[in-house]
Amino acid sequence: MQVSVEKVSDVERRLTIVVPANTVEEAYVMQIHRFAKNANIKGFRPGKAPMSFIQQRFGEDARREALSEVIQKSLEDAITVEQLKPISRPQIEPRALTPNQPLEFVASFEILPEIADIKHDIQNVEKLVVDITPDDINSVIKQLLKQYTKWNNVDRAAEDKDRIVIDYYSVFEEVADIEHKIENFPLELGSKVMIPGFEDGLLGAKAGDERKLNLSYPVDFNVQERAGKAVDFVVQVKQVFEAEPPELNSKFLEKLGIKSGLEEDLIQQVEKTLELERNRLVSEKLKEQVFRQLLEQNPIEVPASLIAREASNIHDEIYPKHQHHDHHQHSQNETAAFNDIAKKRVALGLLIAEFAKKAELKADKNRVFSRIQEIASAYESPKEVMEWLGSEDRLAGIEAQVMEDQVMDKLMEGVTVIEKAMTYAELKGIRT
């Protein structure tokens with residue numbers, strides 16, 4: 001067998017394999033004998049039909065299976081000899097087969113890029129310093145109360161903090177967009193989810209009222225051709241609801257899972273949850289800075305198959321209702337929008353793995369256990385969650401997270417860190 005390797009790119013290899021004619025013929029003979037042994041032909045006992053009859057009837061099938069077997073075996077041998085590690089299914093291009101002539105075919109596939117030295121000249125990074133304040137805790141408790149708020153239909157003019165149900169459409173540049181009219185839209189007055197002036201313009205409205213709001217789109221509106229321009233909205237108010245929030249008593253606290261029924265225990269639990277989220281976000285934003293510089297300093301070619309796979313994963317993260325689908329069923333149109341971020345994720349993963357290998361890093365068992373404890377502590381039954389996270393299928397993911405943290409620690413050695421104070425609301429991007 002002859003093998004030649006063509007380096008198409010850093011991540012693509014093209015093998016041209018030539019197999020001796022006698023190897024193909026031997027495989028054919030073995031296949032035709034299998035057919036002869038197993039063939040159930042009327043008029044003949046199993047395995048007793050004349051070989052000429054078997055060849056006439058099953059020759060093409062035997063030849064096809066023999067070729068498939070030879071191609072598969074010779075490709076595996078060539079990959080082993082050349083010490084290649086395909087990460088995508090090889091694409092086979094058979095050349096025309098001439099009787100009594102060697103079999104020649106081409107196999108193309110992707111491999112991981114070879115990464116020699118990893119540059120990590122990380123410059124100054126900014127670390128956020130965020131304190132959890134009583135206001136942050138009270139804000140969460142208010143949200144909890146809001147989630148359990150009962151809304152009562154009232155026959156009066158709408159006030160701030162009321163919820164109204166409306167139908168509305170826009171009139172832009174004297175064109176009424178009735179075709180895209182929004183119906184039965186619940187809106188809490190004062191929530192600031194609509195453009196400025198929209199909610200204020202509905203204060204005092206009653207069920208059955210129609211109002212025309214003369215407004216302007218914000219200058220930073222996401223539709224550029226409308227930014228800063230005048231627009232009218234025609235709004236029909238259908239219902240007005242008044243909030244009836246629950247009382248923050250022991251009964252309500254027990255409903256939230258606070259077994260003691262004490263408000264101070266709720267405060268402690270909320271504070272702990274906010275601290276965990278704060279730590280996660282601060283770490284995430286620090287990683288973004290460091291890993292961005294790592295990517296910029298180490299441009300590498302990324303295999304298209306890995307990009308496609310990761311783009312499919314991102315699609316499922318954003319649209320979880322499709323998670324039960326086979327990733328290979330995603331169309332290119334579905335995942336194309338995620339290719340850029342997928343490419344960065346894959347490239348970063350390859351760099352982190354290679355850096356960890358060169359630095360001889362292994363996932364620290366104590367850190368893995370601590371991470372499992374930390375995640376489990378946010379659940380009602382931590383012990384059960386810890387057992388679940390410690391299972392073989394889940395443990396690999398936790399170890400990957402810890403390894404990423406360890407690489408991060410190594411990259412941060414000697415880096416100047418500039419601290420910047422920020423509120424929790426700013427960290428979360430909450431408008432106040």
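Both backbone and side-chain heavy atoms feed into the values below; hydrogens, waters and symmetry mates do not. As the structure is a computational prediction, the values presented were derived from the model and not from experiment.
A donor-acceptor distance shorter than 3.5 angstrom exists from the side chain of D167 to the backbone of N184, with no hydrogens or angles considered. The main-chain N or O of G201 is found under 3.5 Å from a side-chain atom of R211 such that the two form a donor-acceptor pair. Using modelled atom types, no side-chain atom of S312 and backbone atom of A308 make a donor-acceptor pair closer than 3.5 Å. The backbone N or O of D135 lies less than 3.5 Å from no partner atom in the side chain of S139, so there is not a single donor-acceptor pair. Remark: the backbone N or O of L84 is not paired with any side-chain donor or acceptor of R13 at under 3.5 angstrom. Side chain of E199 to backbone of S191: a donor-acceptor contact under 3.5 angstrom is found. At distances below 3.5 Å, not a single donor-acceptor pair connects side-chain atoms of S283 with backbone N or O atoms of N279.
The side-chain hydrogen bond (donor to acceptor under 3.5 Å, both in side chains) test with E310 is passed by exactly one of R345, H315, K343: R345.
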Begin from the C-alpha positions of V402 and Q406 and carry the test side-chain contact (heavy atoms from CB on, under 4.5 Å) through to its verdict.
CA-CA 6 Å; V402 170; Q406 290 178 228; 3.2 Å; yes

What verdict does the side-chain contact (heavy atoms from CB on, under 4.5 Å) test give for E354 and K358, after you've listed the backbone C-alpha separation in whole Å, the side-chain angles of each residue and the deciding distance to 0.1 Å?
CA-CA 6 Å; E354 188 62 25; K358 291 183 184 301; 3.3 Å; yes

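Between K272 and S377, the closest heavy-atom pair is NZ-CB, 4.0 Å. When every heavy atom of L189 is checked against every heavy atom of A158, the shortest pair comes out as CD1-CB, 3.7 Å. Counting all heavy atoms, side chain and backbone alike, W151 lies closest to T149 at CD1-O, 3.8 Å.
Between F338 and I318, some side-chain heavy-atom pair lies under the 4.5 Å cut-off. In this structure, the side chains of K255 and P246 stay at 4.5 Å or more apart for every pair of heavy atoms. Using a 4.5 Å heavy-atom cutoff, the side chains of R95 and Q101 are not in contact. F105 places none of its side-chain heavy atoms less than 4.5 Å from the side chain of L67. L294 has its side chain out of reach of F355: every pair of non-hydrogen atoms, C-beta onward, lies at least 4.5 Å apart. When side chains are defined from C-beta on, S108 does not count as touching V8, because their heavy atoms never get closer than 4.5 Å.
Within a 6.0 Å radius of CD in E275, other residues, nucleotides and ligands contribute more than 12 heavy atoms. Atom CZ of F369 is surrounded by 12 or fewer heavy atoms from other residues, nucleotides or ligands within 6.0 Å. Other residues, nucleotides and ligands contribute at most 12 non-hydrogen atoms within 6.0 Å of the CD atom of E60.
Residue pairs meeting the side-chain hydrogen bond (donor to acceptor under 3.5 Å, both in side chains) criterion with at least one partner in residues 417-428, sequence neighbours excluded, are E277-K428, T423-E426. The list of salt bridge (Lys or Arg N to Asp or Glu O under 4.0 Å) pairs with a residue in residues 148-158, not counting sequence neighbours, reads R156-E159, R156-D162, R156-E242. Among residue pairs with one or both ends in residues 256-268, those qualifying as side-chain hydrogen bond (donor to acceptor under 3.5 Å, both in side chains) are S260-D265; sequence neighbours excluded. Sorted by first then second residue, the salt bridge (Lys or Arg N to Asp or Glu O under 4.0 Å) pairs that include residues 111-128, not counting sequence neighbours, number zero. Screening residues 72-83 for salt bridge (Lys or Arg N to Asp or Glu O under 4.0 Å) gives K73-D77 as the qualifying pairs, with residues at least two apart or on separate chains.
For E374, the salt bridge (Lys or Arg N to Asp or Glu O under 4.0 Å) criterion is met by no residue, not counting sequence neighbours. By the side chain to side chain contact (heavy atoms under 4.5 Å, CB included) test, W388 pairs with R394, sequence neighbours left out. Here K206 pairs with A157, D209 under the side chain to side chain contact (heavy atoms under 4.5 Å, CB included) rule; sequence neighbours left out. In this structure, the side chain to side chain contact (heavy atoms under 4.5 Å, CB included) partners of E404, at least two apart in sequence or on a different chain, are K287, F291, I352. For E387, the side chain to side chain contact (heavy atoms under 4.5 Å, CB included) criterion is met by K383, not counting sequence neighbours.
One distance of note links CE of M422 with CG of D131; it measures 12.5 Å at 0.5 Å rounding. From E183, atom CD reaches atom CD1 of I166 across 11.5 Å, with rounding to the nearest 0.5 Å.
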Pairs of donor and acceptor atoms involving the side chains of residues 219-235, under 3.5 Å and at least two apart or interchain, shall be tabulated with distances.
{"unit_1": "R226", "atom_1": "NH1", "unit_2": "Y217", "atom_2": "OH", "d": "3.0"}
{"unit_1": "K229", "atom_1": "NZ", "unit_2": "E225", "atom_2": "O", "d": "3.1"}
{"unit_1": "D232", "atom_1": "OD1", "unit_2": "N214", "atom_2": "ND2", "d": "2.9"}

Please tabulate, for side-chain N and O atoms in residues 299-307, each donor-acceptor pair with protein atoms closer than 3.5 Å (sequence neighbours left out).
{"unit_1": "E301", "atom_1": "OE1", "unit_2": "D10", "atom_2": "N", "d": "3.4"}
{"unit_1": "E301", "atom_1": "OE2", "unit_2": "S9", "atom_2": "OG", "d": "3.3"}
{"unit_1": "S305", "atom_1": "OG", "unit_2": "E110", "atom_2": "OE1", "d": "2.6"}

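Of the charged side-chain nitrogens involved, none lies within less than 4.0 Å of a carboxylate oxygen, so that R292 and E288 do not count as a salt-bridged pair.
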